[in-house]
Structures are given as C-alpha cells and as structure tokens.
Novice: 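Sharing a structure with you now.
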Amino acid sequence: MELAAAASALDEYDKLVIRMNTPRVVVDNAVCPTATVVKVDSAREHGILLEAVRVLADLDLAVRKAYISSDGRWFMNVFHVTDRCGRKLADRSLTSHLERSLCASRPGDDDTQPSALLTEPAGLEVHGLTTLELAGADRPGLLSEVFAVLRDVECDVVAAKVWTHNGRVASLITVREGRPGSPADAGRVEARLGNVLRGDHHAVRGARNATAVALSPAASAAHSDRRMHQLMFADRDYEQTTSGVSTPPRSAVSVQNWVNRGYSIVNVECRDQPKLLFDVMCTLTDMEYVVFHGVIDTDGDRARQEFYIRHLDGTPIGSEAERQRVIQCLQAAIDRRPCEGAMLELCTADRRGLLADVTQTFREHGLSVTRAEVSTKAGIAMDAFYVADTAGHAVDQRTVDAITERVGVESLKLSEEGRPWCHHKWPTAEEDRVANGGGGIGLFYLGSIVKRNLYNLGLIRSCS
C-alpha cells in the first residue's frame, strides 16, 4: 500500500515537472484590432526562444511586434503576428495548429547536429535518402558541376536548397541512390564533390579557400534554414573579402554594454523581410548568447529590434573584437535571406540529370544561380532558381527567352508574381540613408520602450 502511494506521488510529481516545463500558449484574436496576439510562457532554456520563433517562421507568419522578457528562470514572450498579407489569423485550424506546435516546441540536446536539421522532402520516405552538405567558395557554373557529379554517380536529387552570400555558397542536397550504395561509394561521392568545390579558381579570401562536404541520413523533424545559417556561419561568410568586392550590408547594427545591469544591448534596424526575427535569433543562439529581454517593432517596411543579451555564463560582451564580430555576423544573417535576380520556375516530369541539364543551360547563357530551392513530389520536379549574370546584374529578356526555349516554354517560366522581396536589388544601409533624406538610417534606441513594457508587465524589479 505504501509503495503504491509512493508511486502515485512520484507520478504526480513527474506530471507537475512536465507541466512546468511545457510552454503555456495563448492565441488571442480579440485584444488587438490589427494582429493576432500569441503569448508564450516557458521555462528559460537555451534555444527555447528560437524554437518559438521557428514555429512562427515555419507557418510563414509575419511578426509585426514582439516583447521578450525573463523573470528568474521563466520566459514571457508576446508576439503580434499576421499572415503575409497583413491579416489576422482567422482560420481556427491554423490557430489550433499554432498552439499545438508552440506547446510541443522544445530545444533538443542534439538540435545543432546536421542530421537533426534537414527537412524531409514532401511526400517522400526518409528511408534510403542521404543529405549532402556543401559549403565553400562560390563561382559561376559551380551548381552545374555539382549536379553533373551527382548525375554521373547515379544519384537522384529529390530536394535541394542553395544559398549564396559574400562570395560563399552553402547547400543541402537530398539524394536517393539509383543503385545500392556502399561506404566506398559515399567516400567517392564526397571526394568528387570536394574536388568540384575546390575547383580551379581564385579564392575570395586570399589564401583561405576552405570547403566542406558532409553526408548524413535525411531526417524528418528538421529545419533546413537553421542548418543553412550554421553552414554559412561556420564558413565565415561574414568576413570582409580581400578583393574589396563585398556588398555593403543592408542593415544597421550597433552593440553597446549596459555596464550597471550587466547586459549587452544589440540594436538592429533594416528593411523588414520574411523570417527576419528567425534569422537574427539563429545567429545569436549559435553564437551562444542568451536573449533576456527584447522588443521588436515594424513600421511600414522598416523593422527595428533591440535585445538585451549575455553569454551562457551570464557575462556581457567583453571586447571590441567580439562586439565587431557580433555586428558582422548579424548583418550577414540578415543579408543571406533576400533573393536577388530573376526567378525562374521549373515544373516538369522529374528525371535523372534534369538539374544538371537545366543549370548547364544557365551556365552556357552566362548566368549564375544566386539561390535555388528544389523539390519533387509524385514524380514532378518543382524548382525555383534565382539567376543573375556573372557580374550580379539583371538578366535581359532575350536571355530569358533563349533559356526557356531551350529548356521548354511549358516547363520553365519567368515568375512575375512570386515573392516581391526577391525580385529587386535591395538597397544597402547607405542607400537607405540617401532615400531617407540623408539624415542617416539612425539606430532607434528602444531601451525606454523595453522598460515601459517591463513595467506594464510588472517585471521591472526583476531585471533591475
């Protein structure tokens, strides 16, 4: 009897611990006339804030405003979200899914491992799939050479994501082998792709021309954008190139220490763009900073963010070199997201070598792929390529017509709709200053807003 009572008490204690560590989520459509308010309270744990932001990003929700605060070991976050058209979330099934996803969001112990961050291609079995991770110096025609190698070794590409930034390239390519593989085959593929990445070209960082190729089983509960950020961060795409051809950053970032409170204050101002908060949070988390308080605000096409951060050990940023590195890394994270160039959409029956042939056509017409997303479903390839000439300039209509005629006018089309932020060259911070009347982009110091909201939440004493 006593053993049964003890077991019952233990069960109740376990349930209490689970309840305490499970985020409490409220989705409210009544409190704000212009946005759906999402409140997330959870135990403060490294990475938990990023997981909440990731859920919002996965549902393609725009964060219009947000307030982040911690009291002891507890996080209290409020997000004002809309869909991409600026509307409140009226679909009850969507809000229910949002609540369930946020309640289930937990940072895993291995969430930074490659195999835990790759997205399962829609409609495909994970079994038999392998994901290739590539990172290195970019050059015209590189993607064509990569897909040609995969065709030659009889690997079918079922999904891929390619980012380029500051002369570097990162890619996740999910493949299915056309014939039974072996460890020797995997090593051969890795070696050939490594040779392609190294190539016969000059490195953009002088002597540094590091490349990385890794193979891992495809995982289903993964996040490819997070892994892409990690690949480019590890490849140091945030560093200035020695050739002097770096594009000026699109964002203004400042970092200063609040000595009396032991925080480092990070301010970010830039044009608003999809998944902006997610991109910033990925970088801060991967650099092992903890966000204790923060405020996010958007006004038209402008976004302003302020974060109060410390290291995992509770100390603020300790040197000028570290401060500059944080600024560079955040600017790089923001600059990776926008797509520049014309968007070409490919929709056709999938076959081995399709991507090698299409990207070879781009190469023959003097175009470089600046970004790509590849997927297959039910034997149909549905791909999007952002292309520009080798100098980064816009593609003329005659070139587009020649490519579509070569590939097939019914299969390849120039997207006129797509995502508007992907179809123009984004202005740099300096160009924004000129557009704003030359008064400077100006860092909007949000400290007073943070303090006001902490006061309204009754938390001002906890952070003083």
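What you see is a predicted model, and the numbers here were worked out from it, not measured in a lab. Heavy-atom basis, side chains included; hydrogens, waters and symmetry copies ignored.
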Novice: Can you check whether Asn29's main-chain N or O pairs, donor with acceptor, with Lys88's side chain at less than 3.5 Å?
Specialist: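 Pair found, side chain donor or acceptor close to backbone of Asn29.
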Novice: Mind checking the CZ-CG spacing from Phe385 to Leu367? Nearest 0.5 Å is all I need.
Specialist: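 Phe385 CZ to Leu367 CG: 12.0 Å, rounded to 0.5 Å.
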Novice: Any ion pair linking Arg168 and Asp138 (charged N to carboxylate O, less than 4.0 Å)?
Specialist: no
Novice: Out of curiosity, Glu51 CD to Met281 CE, how far, rounded to the nearest 0.5 Å?
Specialist: 10.5 Å
Novice: Using modelled atom types and a 3.5 Å cut-off, is there a donor and acceptor pairing between side-chain atoms of Gln331 and backbone atoms of Ser251?
Specialist: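 Yes; at least one donor-acceptor contact below 3.5 Å.
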Novice: What distance separates His80 NE2 from Lys39 NZ, expressed to the nearest 0.5 Å?
Specialist: 8.5 Å
Novice: Report the distance from atom NE2 of His393 to atom CD of Glu340, rounding to the nearest 0.5 Å.
Specialist: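 Spacing of NE2 (His393) from CD (Glu340) equals 11.0 Å.
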Novice: Looking at Val280, Ile48, Leu277, Thr285, which one forms a side chain to side chain contact (heavy atoms under 4.5 Å, CB included) with Val53?
Specialist: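 Among Val280, Ile48, Leu277, Thr285, the one that satisfies the side chain to side chain contact (heavy atoms under 4.5 Å, CB included) with Val53 is Leu277.
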Novice: Distance-only, no hydrogens or angles: does the Arg371 side chain make a donor-acceptor pair with backbone N or O of Arg337 under 3.5 Å?
Specialist: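 Judged by distance alone, yes, a pair lies under 3.5 Å.
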Novice: Checking Gln273 side chain against Ile334 main chain: does a donor-acceptor pair fall under 3.5 Å?
Specialist: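 Yes; judged by distance alone, with no hydrogens or angles, the pair exists.
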Novice: Quick one: does Thr348's side chain have a donor or acceptor within less than 3.5 Å of a partner on Ser411's backbone?
Specialist: no
Novice: Out of Thr298, Thr82, Thr36, which residue meets the side-chain hydrogen bond (donor to acceptor under 3.5 Å, both in side chains) rule with Arg64?
Specialist: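 Considering Thr298, Thr82, Thr36, a side-chain hydrogen bond (donor to acceptor under 3.5 Å, both in side chains) with Arg64 is found only for Thr82.
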Novice: Once side-chain contact (heavy atoms from CB on, under 4.5 Å) is applied, do any residues pair with His97, and if so which ones, sequence neighbours excluded?
Specialist: Leu59, Arg100, Ser101
Novice: Examine His311 together with Tyr289 and report whether their ring centres are nearer than 6.0 Å.
Specialist: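 Yes, close enough.
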